[in-house]
Each structure stands twice: as C-alpha cells, then as structure tokens.
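Below: one structure, written as structure tokens.
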Number of protein chains: 2
Amino acid sequence: EQAIISGIAHDTSEAKVTILGVPDQPGVAARVFRPLADEGVNVDMIVQNASAEGRTDIFFTLPKDDLRRAEPILKRVTEQVGARGVTTDPHIAKVSLVGAGMKTHPGVAADMFDALADEGINIEIISTSSIRVSCVVRATEVQRAVRVIHDRFALSTEAVRREMH
Amino acid sequence: EQAIISGIAHDTSEAKVTILGVPDQPGVAARVFRPLADEGVNVDMIVQNASAEGRTDIFFTLPKDDLRRAEPILKRVTEQVGARGVTTDPHIAKVSLVGAGMKTHPGVAADMFDALADEGINIEIISTSSIRVSCVVRATEVQRAVRVIHDRFALSTEAVRREMH
Ligand SMILES: C[C@@H](O)[C@H](N)C(=O)O
Ligand SMILES: C[C@@H](O)[C@H](N)C(=O)O
C-alpha cells in the first residue's frame with residue numbers, strides 16, 4: 001500500500017487541559033469525561049500514556065470557547081478522582097499530516113519529526129493513527145511548523161488547510 | 001453532524017514499547033523514529049504526552065514480529081538521546097471505536113470509557129481522533145472489552161472486525 005499524503009491541517013482554535021497524576025484504576029477516565037460530555041463540552045483529541053507508579057496524566061483539547069464552561073467541572077472532577085491538579089493552556093497549535101496507508105510507511109512520521117527538529121521546533125504532544133500524524137506545538141510556531149512540513153513533503157499550497165473546532 | 005459509529009476494531013498482533021524519561025527537546029522524537037523507519041520497523045500508534053520536569057515517555061506499538069529487529073535499535077537510541085530506559089510488552093490489545101463526527105459528539109468517548117469501567121477493565125493508553133477512539137487494555141481482556149462496547153453501542157455482529165498489522 002503506497003502512503004498517500006493528502007495534506008496538512010493546522011488548528012489554533014483549541015486550548016489544552018492536562019489533569020495531573022490521576023490514579024490508574026478502572027473508571028477514572030469515565031468519571032473525567034462523562035460530566036464534560038453531559039455539559040456538551042466538545043472534547044477533541046484525548047491522549048493518555050501508561051502510568052508510572054500507579055499515576056498518569058490525562059491530556060485533551062477543547063475549543064477555547066468551551067474552556068470557561070469546562071473549568072468548574074474540571075475542578076470538581078480533579079477532587080473526585082483524587083488527581084494532583086489540573087492545568088489549562090490556550091496557547092497551543094495542532095499540526096497534522098493527513099493521508100492514508102501511514103501504518104505501513106514508518107518513514108512518514110519520522111520525516112515529519114525530522115522537519116520540525118531541523119527547524120528547532122519542540123513537539124509537546126504526539127498522537128497518530130493510520131491516516132494522521134498530529135503534533136501539538138506552541139501556537140507561536142504554527143506558521144513555521146506548517147511551512148517546514150509542507151516543504152519536506154513537497155505539497156501544493158491547496159494541501160494546507162486550517163481546521164476550526 | 002450526527003455521530004455515526006460504524007464499528008469496533010480489535011488487534012492483539014502488536015506489542016508496545018515505552019521509552020522512559022526522554023529529554024523534552026527539539027529533535028528527540030526524530031532521533032527515536034528515524035532509525036526505526038530506516039530499518040523498516042512498522043511503527044503503528046505513537047502516543048507522547050507533555051513533559052513534567054523536562055522529561056516525558058514516548059510510547060508506540062509495532063507488530064510483535066518486528067520486536068526482535070527493533071530491540072537493538074531501541075537500546076542504541078535510548079543511550080543516544082539520554083533516556084532513562086526502555087520497556088517492551090507484547091501482552092496488549094488495542095480496541096478502537098470507529099466512526100465519523102466524533103469531534104462534535106463528546107458523549108461517544110465517555111460512553112466507551114463508561115462501558116469499560118462498568119466491566120472493571122483498566123484503560124492503559126488512550127488516543128483519539130475525530131473518527132476513532134482507541135484504548136489499549138491487557139490482551140487477556142480484549143474479548144470482554146469488545147463485548148461490552150458492542151453492547152453499549154448496540155452494534156451488529158458484522159460491526160466487529162479484527163485488525164492485523
Ligand atoms: C487513567 C485511566 O485511564 C484509568 N486507567 C481508567 O481506566 O479509567
Ligand atoms: C519528546 C520529544 O517529542 C521532543 N519534545 C521533540 O520535539 O522531539
């Protein structure tokens with residue numbers, strides 16, 4: 001299967017939330033996301049890695065407009081599940097390479113990471129699937145990040161699209 | 001946009017690798033994935049969360065068959081980037097809810113987490129996009145996990161499919 005890169009998407013309309021040090025026990029993720037869903041908060045990208053010493057962080061993005069509504073829920077949930085704390089940060093950008101067949105082309109993600117590395121851009125979060133490689137970087141770096149990835153994959157200008165939540 | 005759940009995919013053909021405590025500096029992800037790509041290791045899902053105190057873990061999955069080829073590269077890369085260590089674990093299952101329009105239906109991920117919570121199944125890793133919610137659980141729990149999600153979303157039997165890398 002050929003890897004077909006169809007474009008780059010970038011989005012600075014979202015903020016990120018990190019719930020710090022949640023206990024790694026069944027039911028914790030459900031207790032975090034159920035009240036947010038019931039309130040209609042449009043959670044987008046969720047990333048949680050394996051725990052160390054029984055605790056881990058849960059990260060997610062949401063539209064900046066939803067942040068004010070989400071904050072009281074986050075405070076309550078953080079106490080209920082016994083997390084260490086919660087931080088929010090509206091100054092992020094999500095940059096994604098979109099395509100197909102990435103699963104069998106390991107070089108695609110490596111090329112994207114190389115392009116950002118050569119430009120000195122730090123990758124804060126990585127989340128991939130077989131059709132998409134997404135990186136979270138500082139919002140101030142989104143133009144540079146899109147340009148170096150665009151050049152690395154020799155894409156046309158139409159291939160770059162801005163996403164909004 | 002209506003959330004359309006098209007099915008559940010499950011995959012126990014992969015192992016997971018966690019590179020522990022990598023420095024959070026530009027270029028580190030490139031130095032981890034470039035040699036794996038050059039060796040033709042079929043890295044699948046990559047998950048990296050934000051760092052704490054300047055270090056973070058990088059997690060990824062790969063076909064169990066690629067593990068033997070990847071191990072010498074992982075050992076060298078771990079030393080080169082100054083990571084604390086690397087662990088591998090072949091006993092995982094990836095269970096994914098596949099659909100469309102999830103970005104604007106926050107209840108979908110919460111329902112999946114609820115179904116696993118009610119069954120006492122611990123979620124080790126979470127990675128989502130607008131068309132997929134993926135959870136890593138113990139391989140021994142994959143049948144139960146697929147059954148409770150299938151029931152929660154009242155899907156047909158044809159909607160369950162086994163993925164292989
Ligand atoms: C941390 C969180 O994912 C927990 N392991 C759960 O299953 O809900
Ligand atoms: C940890 C790793 O992602 C690092 N921040 C990088 O940019 O490569």
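Just so it is clear, the values below take in all heavy atoms, side chains as well, and ignore hydrogens, waters and symmetry mates.
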field: Residue of the set A/Asp44, A/Thr61, A/Asp11, A/Thr12 for which side chain to side chain donor-acceptor pair (under 3.5 Å) holds with A/Lys94
entry: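 Option passing the side chain to side chain donor-acceptor pair (under 3.5 Å) with A/Lys94: A/Asp44.
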Contact class of [X] relative to chain B, heavy atoms under 4.5 angstrom:
X        : result
A/Ile121 : backbone
A/Ile125 : both
A/Ile131 : side chain
A/Asp111 : both
A/Ala109 : side chain
A/Val41  : backbone
A/Thr18  : neither

- request: Before accepting this row, confirm whether a basic side-chain N of the pair A/Arg161/A/Glu163 lies closer than 4.0 Å to the acidic partner's carboxylate O.
  value: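 Salt bridge flag = yes for A/Glu163 with A/Arg161.
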Verify, without hydrogens or angle tests, whether [X] (side chain) and [Y] (backbone) share a donor-acceptor contact under 3.5 angstrom.
X        : Y        : answer
A/Arg144 : A/Glu119 : yes
A/Ser96  : A/Arg132 : no
A/Gln48  : B/Glu124 : yes

query: Would you say the side chains of B/Ser127 and B/Ser134 form a donor-acceptor pair under 3.5 Å?
result: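 No, no side-chain donor-acceptor pair sits under 3.5 Å.
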- prompt: Non-hydrogen atoms of chain A under 4.5 Å away: do they reach the side chain of B/Ile123, the backbone, both or neither?
  reply: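 Backbone plus side chain of B/Ile123, per the 4.5 Å heavy-atom cut-off to chain A.
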query: Looking at A/Pro35, A/Ala110, A/Ala117, which makes the most heavy-atom pairs under 4.5 Å with chain B?
result: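 Looking at each option in turn, the highest pair count goes to A/Ala110.
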query: How many angstroms lie between CZ in B/Phe153 and CD1 in B/Ile8, if you round to the nearest 0.5 Å?
result: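 Rounded to the nearest 0.5 Å, the CZ-CD1 separation comes to 8.0 Å.
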